[in-house]
Amino acid sequence: MKKEFKAEARKVMQLMINSIYTNKEVFLREIISNASDALDKRYYNDLKSDKEVNKDDYYIEIKPDKDNRILTISDTGIGMDESELESNLGTIATSGTEKFRKNLEESNVNDLIGQFGVGFYSAFMVSDKVEVISNKNGKSFKWVSEDADGFEVTSASKTTPGSDIILYLKNNNDDDDFDRFLDEYALESLITKYSNYIRYPIYMDITKTRKKDPEDENSEYEDYKKREIINSKDPIWKKSKKDLTDDDYINFYKDEHFGFDEPLSWLHLSIEGLVAFKAILYIPKKAPFDFYSKDYKRGLTLYSNGVKIMDRCEDLLDDSFAFVKGVVDSEDVSLNISRETLQVNRQLKFIAKQINNKIKAHLSDLLEKDRDKYYTFFDEFGNQMKMSLYESYGMKKDQIQDLLIFNSKNSDNRITLKEYVEKMPSTQEKIYYTVGDSIDKIKAQPSIKTVDDNVDVLYLIDKLDEFLIKMLRDYDGKSFESITEETDTDEDSSKEEMFKKMKDILPDEVVEIRKTDKLEDDPVILLHRGDISIEMEKTFKNQTNTDNVKAQKVLELNEKSKAYKLLEESFDNDNEKFEKITRTLFDQAKILSGLEIDNPAEYIRNMWELVGE
């Protein structure tokens, strides 16, 4: 007699068929996972009853029938009796996996996946009719539902233990190609994608080709079927590190298409405790071509006890470490009604925290023990960590600051902030830096020549670096200071009138003009006042709607230079020459700072006129 689904089951089926699962192919993952659960239950019961256990008796089998559009997924698991078929498949989430879990308080088999009555309904996404023929304890029954419109349970003649899930596939339509679920190569691909690491073997007949007569070189070829195991069963991350070689890790990296070349480094985690998980994480050697674009999808492949849940679980990786590739497998991850959508819960947050801490520790270890390899890493992915720190407004300072490296005046190679501070003279109170497009250009700056030999200066050659320093604010109690930022001066006031006259010539260009005795052979230097530096002004100039962002410029004149003497000489008796010298010196200061000058032709004309004199 036909029975109605209980109300909650009917609602879930409609959600399942129409909205919960966005990708219909996952029905195979769900049914195979349920089959694995049933095998776990039988295996546990067999052990408990002291039955002789033969591992070959526990398996899953896939049988496509193209002629009749039928796909059968069979298992040799515990099976269901008449009441369980009605209860488990007629009422949502009462299948017994959860109940069974509660009965295993003293058992080691505590990693069953999901609940049978939930994932099972995904079969209706691809099927017009579903049959379940199940044998438990020698008695068999058949559960049938057509178009998910009620169900019937009748006696059956199945003699082997376990269940056969028989799907009568829908016909193709404009939106879906259901034929692919009958193609052995497509099925093999789906099993490898989602269920490759189910602990039990998954069998399927695979078409092979051979000569009809092996002894005849000219023999025709024929197709034949061979029963093969499709899944790998034993994932690399569940193996002991001591049993794995570098080639094993490298081959897995390539097999999973994490990158085309070999990884730069990797770490293998096996975390026990309240939330247990295993993971293999890779640091790629090269950044993907789209890594710094908005189209890049970060995240780790997430498994729940060997069943792939998500290709990219973004919640497991902090933005700082978005470059990391790899897999995470945990039996403790809580899933909601669809395994496609994770509950962002305490377990997942715990795993993410552990993973990000381990990544940081691994990079720190690489930085300390293999500096050349770390340089390679930082060249590819350093900007990702910088952007993460900057975009968090410095909140990720503790996580990132010790992983940053910079070129500096007194070091041949890049150094960390910690290394800079350790080498500071005892009298030095600040961390000094300067900004430029390249090391060579920085070395040519007048400002770098004013720094004492024993004082190191960080060279910030990436456009993001100066903004990053602003977010860091300080390191180990030492504040950062740009060597192009004005400092207090002890200059006398004897030339104030001359500087005022120069300021009148450049009213909107500088906030102050003064002399200095710190420059060597450069006649002039341009410093900045306030938070906006000259380098920041240059960066903002290339961005939209930021043309008005200007640095407050301080013009310092080398009092030992010939230009300064010419200024003094023309101050009282030649206003025209005084203005030419003033404008020429300011243009020279802008050029030395990498700024464009407003009127190159006027600059050249003034310079040659002054040279001619």
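Position 1 is the first residue of the sequence; numbering continues from there. In what follows, every heavy atom counts, from backbone to side chain, and hydrogens, waters and symmetry copies are set aside.
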Quiz item: Between the side chains of S330 and Q347, does any donor sit under 3.5 Å from an acceptor?
Solution: no
Quiz item: What heavy-atom pair brings N558 and Y564 nearest, and what distance separates the two atoms?
Solution: O-CB, 3.2 Å
Quiz item: Between S482 and H528, do the side chains contain an N or O donor and an N or O acceptor separated by less than 3.5 Å?
Solution: no
Quiz item: Hey, is E535 close enough to K538 for a salt bridge, meaning N to O under 4.0 Å?
Solution: yes
Quiz prompt | Minimum heavy-atom distance Y459-K443, with the two atoms named | solution = OH-CG, 4.2 Å
Quiz item: Are E419 and K423 ion-paired here, with the side-chain N under 4.0 Å from a carboxylate O?
Solution: no
Self-check item: Under 3.5 Å donor-acceptor, D587 side chain and Y603 backbone
Solution: no
Practice problem: Verify salt bridge (Lys or Arg N to Asp or Glu O under 4.0 Å) between E466 and K470, making sure each step is shown before the conclusion. | Solution: CA-CA 6 Å; E466 189 172 13; K470 298 291 185 183; 5.1 Å; no
Quiz item: Between K308 and N196, is any side-chain donor less than 3.5 angstrom from a side-chain acceptor?
Solution: no
Quiz item: Between E602 and R583, is there a salt bridge with N-O shorter than 4.0 Å?
Solution: no
Exercise. Just jot down the side chain to side chain contact (heavy atoms under 4.5 Å, CB included) partners of E368, sequence neighbours excluded, or say none.
Key: none
Exercise. Can you see which heavy atom on P446 is nearest to which on T450, and at what distance?
Key: O-CG2, 3.5 Å
Quiz item: Is any side-chain N of the basic residue among D517 and K560 closer than 4.0 Å to the acidic one's carboxylate O?
Solution: no
Practice problem: Assess whether side-chain contact (heavy atoms from CB on, under 4.5 Å) is satisfied between I405 and L367, documenting all intermediate values. | Solution: CA-CA 9 Å; I405 53 175; L367 176 60; 4.0 Å; yes
Quiz item: Passes salt bridge (Lys or Arg N to Asp or Glu O under 4.0 Å), D474 versus K397? Steps please.
Solution: CA-CA 10 Å; D474 63 72; K397 175 180 175 177; 3.2 Å; yes
Self-check item: CG-CD1 distance between L316 and I351, expressed to the nearest 0.5 angstrom
Solution: 6.5 Å
Quiz prompt | Considering all heavy atoms, the nearest G306-K238 contact | solution = N-NZ, 4.4 Å
Exercise. Verify whether one side chain among S270 and K278 offers a donor that lies under 3.5 Å from an acceptor in the other.
Key: yes
Quiz item: What closest approach, in Å, do E481 and K430 show between heavy atoms, and which atom pair accounts for it?
Solution: OE1-NZ, 2.5 Å
Quiz item: Can a donor-acceptor pair be found between the side chains of Q399 and S320 at a distance below 3.5 Å?
Solution: yes
Quiz item: In this structure, which one of L403, I400, L404 forms a side-chain contact (heavy atoms from CB on, under 4.5 Å) with K386?
Solution: L404
Quiz item: Salt bridge between D522 and K449, side-chain N to carboxylate O under 4.0 Å?
Solution: yes
Quiz prompt | Carboxylate-amine/guanidinium proximity below 4.0 Å for K360 and D398 | solution = no
Practice problem: Please state whether the rings of Y296 and F291 are parallel, tilted or perpendicular, taking 30° and 60° as the class boundaries. | Solution: perpendicular
Practice problem: Take F258 and F252 through the test side-chain contact (heavy atoms from CB on, under 4.5 Å) and record every step on the way to the result. | Solution: CA-CA 9 Å; F258 291 139; F252 180 69; 4.2 Å; yes
Self-check item: Sole residue of Y282, Y197, F277 in ring pair (Phe, Tyr, Trp, His ring centres under 6.0 Å) with W237
Solution: Y197
Quiz item: Salt bridge check: are D318 and K396 linked by an N-O gap of less than 4.0 Å?
Solution: yes
Quiz item: If you measure only the distance, is there a donor-acceptor pair under 3.5 Å linking the side chains of N410 and Y420?
Solution: no
Exercise. Check the pair L610 / I581 against side-chain contact (heavy atoms from CB on, under 4.5 Å), numbers first and verdict last.
Key: CA-CA 8 Å; L610 292 170; I581 296 172; 3.7 Å; yes
Self-check item: Check ion pair E556-K518 (N to O, under 4.0 angstrom)
Solution: no
